[in-house]
Amino acid sequence: NGGHKNGGANRSPRASPKPKNGGTNGGANGGHNGASTAYAFDDEPMQFGGTVGALFIMLFSHALLYYLYLSLELHGGALFVPTELSRYAAFLAEHAVPTASEVGVYAAFIALQTFLALVLPGLVLPGLPVRSLGGKRLDYNCNGWAAWVVTQLIVASLHFSGTFSVEWAADHYGALLTTMVCTGDAVALAVYAAGFLPRVPGEGHAGAFRRERMTGSHVYDFFMGASLNPRFGGPRAGGLDIKMWAEVRVSWITLFLLTLSAATKAASERGGEVGASFWIMLMAHWLYTNACVKGEECIITTWDIAHEKWGWMLCFWNLAGVPILYTWNCMYLLKHPAAAVPGGAAAAAVLFVLYLCAYFVWDTANSQKNYFRLVLNGTYKPRPWYIFPQLPWKVVQKPAYIRTKAGTPLLVDGWWKNARKIHYTMDICFALCWGLVCGTTHFLPYFYFCFFTGFITHRASRDHERCAAKYGDDWRKYTQMVPYVLIPGVW
Ligand code: NDP
């Protein structure tokens, strides 16, 4: 078992694709050989408050996005009590109903991302064994980075040639909001309905939309999803995995383009000067989007891809919630030229540096765990240098880990020996920073920080419950070795 550290952790003999210390029921390579080593928590209880909770979240999410939009447009970004309903309805009818131009541009963007996902070369890797497919693995073509680069080149050439200004999106924010909301709802509905199509033998088309872990409540099942890996084109990598495509390409690339649009519009309104706040947001959103695509191969082993079904929750929030809610602060900055980091230029510079430090921890924490798993699975492939930034300490050499009866080992080294969700903490720091760049005049720029903190701590507790059920005593041992969740030494 290699060296012993931290009360019984195993230490990988080297960064080897086939360690000798796998789980008891999965053979030598934790998670490689069958359903028993994949996400094993099949009869999970209803979450998010069951049917009533799911219905509430769906209604609240729609109302929230329009509330934030109305606050920006009619209340200067302030909290307000929505009493003037007829005024809001008239405003939304005038500014938030999509025309052919918003629908056309968004459809072109979606078509482009689909086309790029289908044709560009990428790193082809197998996912985790899928329990409902008898332990079979699906292939993923991780070409998100190439799609990201091509998208940026296309946007830059359209903008600088005068063909299509990037500012257009900020000018059409309300109608784009509705376009994304309707797309999120429609795609969720279509994928849910596809789960009820007659089953086709094999794994192509309707077979890839098979229902699993259904509760019998249509509202709850629609919210959580019917199928785990809806995809066109079968299990091999030539087709389109809808969840992966939406999670990586649509949500984060849309988000960056909206931020870029707001910053470009601010620059043209302010004589080319956008100020430190916009620079921090541009850096933040570029880094986040870039991280998702440069490490796309890590995402295929994550909880969202391997366990969470493609329901309304993921679909709506990827297609509409993330791009709209997460860019609200940039739209606020566009409308408030005086908004700035409290403390002036020096404070902005400090925030910039602290942001990069938090990014370093977040990026390397994610990659340490994901590369650890890929190495043990024998599917790790180093990315070329130009897939930037490849950070030092992204892989822990000879990591200490716990082997488990469930087969998949738990890392207790690198950042992961300090706190079990230290990467969530860094994400919370990002959210706080996005608020700080807007100053302290209003509360709503901090809404995302509050929302995200609640969301991610709830996610941490859901993950804890799922892992406790999957790993049993091994999870207890792990939580004793790494007792802190978010803040080392505190919580
Ligand atoms: P994690 O990266 O923490 O993955 C959780 C899973 O990893 C667990 O279910 C378990 O799965 C496995 N795991 C847990 N502990 C260990 C360990 N010590 N060693 C090895 N494997 C372990 O969570 P997420 O997928 O939620 O988050 C990934 C990133 O995405 C985070 O940085 C998060 O902040 C970010 N994120 C951002 C969101 C946003 O909207 N901005 C939304 C959600 C996430 P298994 O069953 O395989 O053991």
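Given the structure is predicted, the values throughout are model-derived calculations rather than measurements. Nothing fancy with the numbering, it's 1 onward along the sequence. One-based numbering, in listed order, for ligands and for the atoms of each.
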Legend entry - Tyr386 vs Trp145, ring-ring contact (aromatic ring centres under 6.0 Å, His included): CA-CA, chis, key distance, verdict: CA-CA 10 Å; Tyr386 54 80; Trp145 183 80; 5.5 Å; yes
For [X] and [Y], does a side-chain donor sit closer than 3.5 Å to a side-chain acceptor?
{"X": "Trp148", "Y": "Thr289", "answer": "no"}
{"X": "Tyr326", "Y": "Thr259", "answer": "no"}
{"X": "Thr457", "Y": "Tyr424", "answer": "no"}

Please classify the [X] to ligand 1 contact at 4.0 Å (heavy-atom distances, strictly less than): side chain, backbone, both or neither.
{"X": "Leu411", "answer": "both"}
{"X": "Thr301", "answer": "neither"}
{"X": "Arg373", "answer": "side chain"}
{"X": "Trp362", "answer": "side chain"}

Legend entry - ligand 1 to Asp463 polar contact by distance, N or O atoms, under 3.5 Å: yes
Are any of the heavy atoms in [X] under 4.0 Å away from ligand 1?
{"X": "Leu410", "result": "yes"}
{"X": "Phe430", "result": "no"}
{"X": "Trp317", "result": "no"}
{"X": "Ala460", "result": "no"}

As an exercise, identify every atom of ligand 1 less than 4.0 angstrom from a heavy atom of [X].
{"X": "Pro409", "value": "20 (C)"}
{"X": "Phe455", "value": "42 (C)"}
{"X": "Cys467", "value": "8 (C), 9 (O), 10 (C)"}
{"X": "Lys470", "value": "45 (P), 46 (O), 47 (O), 48 (O)"}
{"X": "Tyr326", "value": "39 (C), 40 (O), 41 (N)"}
{"X": "Trp252", "value": "41 (N)"}

Centroid-centroid under 6.0 Å between [X] and [Y] rings:
{"X": "Tyr448", "Y": "Trp328", "result": "no"}
{"X": "Phe451", "Y": "Trp317", "result": "yes"}
{"X": "Trp362", "Y": "Tyr288", "result": "yes"}
{"X": "Phe372", "Y": "Tyr401", "result": "yes"}

Inset, instruction - Measure up the Tyr220 and Phe223 rings against each other and bin them: parallel (under 30°), tilted (30 to 60°), perpendicular (over 60°). - result: tilted
Inset, instruction - Assign the ring pair Phe60 / Phe56 to parallel, tilted or perpendicular, where the plane angle (0 to 90°) is split at 30° and 60°. - result: parallel
Would you indicate which of [options] comes nearest to [atom] when only heavy atoms are counted?
{"atom": "atom 3 (O) of ligand 1", "options": "Arg462, Lys421, Gln368, Arg420", "answer": "Lys421"}
{"atom": "atom 20 (C) of ligand 1", "options": "His307, His423, Lys369", "answer": "Lys369"}
{"atom": "atom 45 (P) of ligand 1", "options": "Tyr471, Trp303, Phe372, Trp416", "answer": "Tyr471"}
{"atom": "atom 44 (C) of ligand 1", "options": "His464, Met426, Arg459, Met481", "answer": "Arg459"}

Inset, instruction - Can you see which heavy atom on Leu444 is nearest to which on Ser71, and at what distance? - result: CD1-OG, 3.1 Å
Legend entry - Enclosure of Phe388 CZ (heavy-atom neighbours >12, cutoff 6.0 Å): no
